[in-house]
Amino acid sequence: DVQLVESGGGSVQAGGSLRLSCAASGYTYSSYCMGWFRQAPGKEREGVAAVDYDGTANVQFSVKGRFTPSLDNAKNTLYLQMNSLKPEDTAVYYCAYVLRRYCSDYLRSMQAPDFTEWGQGTQVTVS
């Protein structure tokens, strides 16, 4: 089984930065897609960024230029660098994984139902 553990969330003022980490374990295949999703109270879970196993990434339009995903395969860790945070970025942020050889369509769509494994989430609060 794949285990995903997020960390790095917290409370920051608008304009501040945070870096989220997602430590992954339990998988042996080299082809997969990973993503960052967020869910604010009363709203649906939405895709923020997605990365495939070779590091190709895409981000949602509302965070483009502010959020940067990256994948360190040596450490089996997915990161999300979040700069210029806004109050509307407040949400629980989740890391997700799916075993898949080709990720280009998943990187474009970033739909939660396409991902099969999830972390427990980490709270980000921007005031």
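Heavy-atom basis, side chains included; hydrogens, waters and symmetry copies ignored. In this chain, numbering begins with 1 at the start of the sequence shown.
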Who pairs with R66 by side-chain hydrogen bond (donor to acceptor under 3.5 Å, both in side chains), at least two apart in sequence or on another chain? D89

Those residues that, when tested against D72, pass side-chain contact (heavy atoms from CB on, under 4.5 Å) (two or more places apart): A74, K75, Y79

Could you state whether L85 and V92 fall into the same hydrophobic cluster, counting links through intermediate Ile, Leu, Val, Met, Phe, Trp or Tyr residues with side-chain heavy atoms under 4.5 angstrom apart? no

Given the rule in the side-chain hydrogen bond (donor to acceptor under 3.5 Å, both in side chains) test, do Q81 and T68 qualify, once you have shown the distances and angles that lead to the verdict? CA-CA 5 Å; Q81 178 65 45; T68 304; over 6 Å; no

For S70, all residues meeting side-chain hydrogen bond (donor to acceptor under 3.5 Å, both in side chains), sequence neighbours excluded: none

Hydrophobic cluster membership, M34 vs Y94, 4.5 Å side-chain cutoff: no

Who else is in L107's hydrophobic cluster (ILVMFWY, side-chain heavy atoms under 4.5 Å, direct or via others)? none

Could I get the full list of side-chain hydrogen bond (donor to acceptor under 3.5 Å, both in side chains) partners for S109, not counting sequence neighbours? none

Across all chains, not counting sequence neighbours, the side-chain hydrogen bond (donor to acceptor under 3.5 Å, both in side chains) partners of Y106 are R100

Output every pair passing ring-ring contact (aromatic ring centres under 6.0 Å, His included) with a member in residues 36-60, not counting sequence neighbours, ordered by first then second residue. F37-F115, F37-W118

Extract all donor-acceptor atom pairs below 3.5 Å that involve side chains of residues 14-21 and protein atoms in other chains or at least two apart in sequence.
| unit_1 | atom_1 | unit_2 | atom_2 | d |
| --- | --- | --- | --- | --- |
| S17 | OG | N83 | OD1 | 2.9 |

Could you list all the salt bridge (Lys or Arg N to Asp or Glu O under 4.0 Å) pairs where at least one residue sits in residues 43-54, not counting sequence neighbours? R38-E46

All pairs passing disulfide bond (SG atoms under 2.5 Å apart) where residues 64-127 contributes a residue, at least two apart: C22-C95, C33-C103

Non-hydrogen side-chain atoms of Y32 and V51 separated by less than 4.5 Å: no

Nearest 0.5 Å, please: how far is CG in L80 from CG in L71? 12.5 Å

Give every donor-acceptor pair under 3.5 Å between a side-chain atom in residues 119-127 and any protein atom, sequence neighbours left out.
| unit_1 | atom_1 | unit_2 | atom_2 | d |
| --- | --- | --- | --- | --- |
| Q120 | NE2 | E6 | O | 3.3 |
| Q120 | NE2 | E6 | OE1 | 3.4 |
| T122 | OG1 | G9 | N | 3.2 |
| Q123 | NE2 | A91 | O | 3.4 |
| Q123 | NE2 | T125 | OG1 | 3.3 |

Quick one: does V48's side chain get under 4.5 Å of M82's, heavy atoms only? no

Hydrophobic side-chain clustering at under 4.5 Å (ILVMFWY, transitive links): who's grouped with M110? Put none if nobody. none

